[in-house]
There are 4 protein chains.
Amino acid sequence: MASGTTLKLKQQRSRDRREQILSAATKLFGQRGIDGTSLTEVAAVAKVPLSSIYDYFEDKRALVLDVPEGNFEALYQKTEPLLVKGGDPVEQLRIIFLTNFQYIKDNPSWGRVFFLEIWPSVLAAEPRVKKAVDKYALRYVQLIKQAIRAGTYRRNLDPYAAMSLMMGGMCHLTAVWLLYGRKYDLVKKGKTLFTTLHNGFVQR
Amino acid sequence: MASGTTLKLKQQRSRDRREQILSAATKLFGQRGIDGTSLTEVAAVAKVPLSSIYDYFEDKRALVLDVPEGNFEALYQKTEPLLVKGGDPVEQLRIIFLTNFQYIKDNPSWGRVFFLEIWPSVLAAEPRVKKAVDKYALRYVQLIKQAIRAGTYRRNLDPYAAMSLMMGGMCHLTAVWLLYGRKYDLVKKGKTLFTTLHNGFVQR
Amino acid sequence: MASGTTLKLKQQRSRDRREQILSAATKLFGQRGIDGTSLTEVAAVAKVPLSSIYDYFEDKRALVLDVPEGNFEALYQKTEPLLVKGGDPVEQLRIIFLTNFQYIKDNPSWGRVFFLEIWPSVLAAEPRVKKAVDKYALRYVQLIKQAIRAGTYRRNLDPYAAMSLMMGGMCHLTAVWLLYGRKYDLVKKGKTLFTTLHNGFVQR
Amino acid sequence: MASGTTLKLKQQRSRDRREQILSAATKLFGQRGIDGTSLTEVAAVAKVPLSSIYDYFEDKRALVLDVPEGNFEALYQKTEPLLVKGGDPVEQLRIIFLTNFQYIKDNPSWGRVFFLEIWPSVLAAEPRVKKAVDKYALRYVQLIKQAIRAGTYRRNLDPYAAMSLMMGGMCHLTAVWLLYGRKYDLVKKGKTLFTTLHNGFVQR
DNA sequence: CATGAATGAGTCTTCATTCAT
DNA sequence: CATGAATGAAGACTCATTCAT
């Protein structure tokens with residue numbers, strides 16, 4: 001029993017440390033960029049010995065890749081409950097889009113890392129991240145296709161171009177928001193974005 | 001006479017070397033990222049001794065900053081002749097937007113550096129680059145405003161959101177195009193983008 | 001117990017390496033000058049990897065500054081036991097002066113670095129070194145003042161000029177001794193110096 | 001004739017440039033130290049193309065060595081007229097000593113280079129400088145010996161130790177004067193130094 | 001003599017990563 | 001699992017010096 005308890009405690013502690021490291025990494029990567037952040041710094045901020053990072057992550061690359069993965073997971077968990085299964089595809093698109101803005105607003109560090117570091121970086125070609133991004137993008141494409149089939153969006157709308165506009169717009173808006181000091185309400189601007197795009201997508 | 005010729009030859013040679021370095025840098029920065037590219041590599045690709053880089057650029061930062069500046073210059077020179085002064089603002093917007101896609105298509109290296117490295121990076125906060133980018137973005141904003149005033153675009157269109165969609169869409173489309181091996185016609189996709197956005201912008 | 005022993009061993013090893021580096025630096029700085037000595041050379045002589053130097057010293061400057069500091073400490077520890085507290089100020093002056101010569105004789109490397117590199121260099125303006133030097137010089141001044149008050153040294157003796165003569169004489173004598181191959185007995189010459197100066201200082 | 005005139009003009013110009021370079025070097029060496037000064041900087045201050053330095057000096061070492069030599073020459077020319085041939089050796093010693101202080105006061109740059117850079121540096125072992133310094137020092141020794149023979153200075157005075165005190169005192173005083181911002185009258189302090197030393201040298 | 005341009009050899013410094021304990 | 005210490009490999013940058021003209 002004792003050893004079982006100890007084990008659990010240890011596992012808990014392990015998870016905590018892992019989180020500490022990931023969170024420190026996210027913060028620092030966002031602030032100074034991935035290449036501008038040394039593992040020594042990550043360790044310092046995470047209050048963990050440098051070499052302990054290697055107990056949780058294979059190497060720096062693995063750590064970098066885990067940052068978006070964990071956040072994508074969290075984003076999904078936030079989005080899922082809000083989606084009314086079988087509901088209007090456009091409404092679902094709207095929810096997904098805006099929830100993402102909300103998530104960025106709540107986790108600007110991650111926004112910074114993802115939109116200014118990971119996504120643009122060649123790492124997006126990195127299978128693990130690419131898969132997550134593709135999966136996310138694919139969802140947009142599918143909902144757009146559904147909306148076309150449902151007759152809400154026009155027949156000749158290119159679902160991929162449409163998705164590019166949604167993701168690109170989000171990326172640009174977020175980048176500007178971050179670079180200029182988060183002076184306005186990101187989610188509100190996100191709504192404007194969605195409306196404008198929606199106007200361009202609908203059947204007349 | 002002779003010395004004049006010599007001088008010209010020398011100046012020509014200098015310009016050439018500078019171009020070689022700049023071009024090597026653009027290429028490598030796009031391929032491996034700015035931080036992932038060492039000046040040693042730049043020198044090797046440019047077929048110039050490492051220390052010669054310092055004859056033309058103050059330091060690495062200066063080299064990095066010169067990449068977008070030079071290309072912005074070139075982009076302007078390509079765009080300007082195409083613009084019919086006093087013409088329809090929407091048509092001008094279209095030309096500027098598509099010329100940019102054409103330029104990227106012709107200079108994918110630069111597209112890579114700019115859209116995947118410089119623009120998203122904190123460097124966009126770098127005065128010199130920021131100025132160039134702002135100037136470019138402002139042009140979009142102004143034309144959109146003109147189109148609103150002319151009644152072509154709807155009154156309640158947020159010109160900045162609209163610009164974000166145009167630039168973000170371009171960025172995303174380019175990134176995907178680059179990351180997935182330039183398999184399709186970028187300019188054509190750019191046209192689709194413009195049409196879709198235009199549809200969302202117009203007055204009904 | 002075991003871990004205690006291990007810790008001590010580790011600490012011992014660390015101290016040793018630090019000493020090795022410091023000693024190599026002292027030697028090389030004296031031989032080739034500070035600027036003429038590369039950290040690569042220091043590492044080689046200390047038989048330590050170059051990057052390990054940075055485990056013990058912040059940077060080259062810190063290493064340079066640690067050379068005089070450590071030796072001043074050692075010099076103090078040699079001098080202190082010899083001073084009879086409350087004794088004759090002139091006798092104390094004599095002891096301090098001659099102990100320094102003895103220390104130089106025993107550690108010519110340090111003499112070289114200190115008198116030919118650090119003291120004359122602008123580094124003497126470096127707060128850390130300046131403080132140590134000032135403290136040392138001040139001692140001379142105070143003892144001279146005491147001797148004046150005691151009536152041993154003449155009323156109109158400028159204590160600072162007197163100190164300059166003592167320190168300058170030591171510096172010059174040491175430099176010559178070093179540059180000309182340590183051919184004579186430094187301490188003996190030091191005694192001559194002291195006597196001559198003393199003659200110039202006393203009340204008649 | 002014409003060519004002769006041209007030649008002379010050229011020679012004059014050459015001498016000027018040489019002086020410019022030497023003067024710039026003296027200034028910069030004094031300010032930043034010899035190793036801290038690059039030839040590029042010397043060229044910039046001397047307003048001469050970098051490569052022209054090599055038309056006048058074999059290499060940096062040669063330039064460094066020429067700095068004290070030229071100044072020793074100038075110092076001699078200042079001192080010589082003041083010396084009454086065949087006069088009292090002590091008086092001559094005094095004149096030489098004080099003229100040197102005056103020269104330093106008038107040319108603090110040189111003082112800095114010589115006392116803080118060249119003299120203490122290993123360069124003093126450099127034959128050319130060593131010779132000049134030795135010659136200068138020898139003069140002191142000879143005058144001191146004369147004073148001993150004349151019965152002014154005591155029989156058992158070690159002329160070399162006496163000289164060390166004079167030169168060392170001058171060096172130390174100058175260094176302090178320079179490092180602490182030349183706050184007091186150097187020549188006046190020099191007089192105090194001489195008097196004190198003289199007191200220690202004389203026969204009783 | 002004059003000089004702009006070029007360059008090779010080095011310097012300090014950083015950092016991801018390993019390993020013994 | 002934990003961790004302090006160690007290190008190899010590399011990077012940005014400098015500078016004395018050369019050379020073609």
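By convention in this document, chain letters (A, B, ...) are assigned in the order of the sequence lines, proteins followed by strands, and residues within each chain are numbered from 1.
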Heavy atoms only, 4.0 Å cut-off, all strands: where does A:Y56 land among base, sugar-phosphate and nothing? sugar-phosphate
May I ask which nucleotide in the shown strands pairs with [N], Watson-Crick or G-U wobble, both distances under 3.5 Å?
N	value
E:dT21	F:dA2
F:dG11	E:dC12
F:dA16	E:dT7

Verify side-chain contact (heavy atoms from CB on, under 4.5 Å) between D:F29 and D:I118, making sure each step is shown before the conclusion. CA-CA 10 Å; D:F29 289 168; D:I118 294 178; 6.0 Å; no
Using whole Å, report how far [atom1] of [X] lies from [atom2] of [N].
X	N	atom1	atom2	answer
A:D55	F:dG4	CG	P	12 Å
C:R17	F:dA6	CZ	C1'	6 Å
B:Y54	F:dA16	OH	C1'	18 Å
B:L50	F:dC15	CG	P	15 Å
A:F57	F:dC1	CZ	P	13 Å
B:Q20	E:dA6	CD	P	10 Å
C:R61	E:dT13	CZ	P	10 Å
A:D35	E:dT14	CG	C1'	13 Å

Looking only at atom types and distance, does a side-chain atom of C:K47 sit under 3.5 Å from a main-chain N or O of C:Q20, one as donor and one as acceptor? no
Quick check for you: among F:dT3, E:dT3, F:dC13, whose closest atom lies nearest to any side-chain atom of D:P49? E:dT3
Of all the choices, E:dA16, F:dA12, E:dT13, which nucleotide is nearest to the side chain of C:D59 once you look at every atom? E:dT13
Taking the side chain as C-beta and beyond, is there a heavy-atom pair between B:T37 and B:Q31 under 4.5 Å? no
More 5' along DNA chain F: B:E41 or A:V48, using each one's nearest nucleotide? A:V48
Looking at C:S52, does any N or O in its side chain come under 4.0 Å of the phosphate oxygens OP1/OP2 on F:dT7? yes
Any N or O donor-acceptor pair under 3.5 Å from the base of F:dG11 to the side chain of B:T40? no
Would you say the side chain of C:S51 and the base of F:dG8 hold a donor-acceptor pair, judged only by whether the two atoms sit under 3.5 Å apart? yes
So, B:R17 and B:D55, do they make that salt bridge, N to O below 4.0 Å? no
Starting at OG1 of C:T26, measure out to CD1 of C:I21 and round the result to the nearest 0.5 Å. 11.5 Å
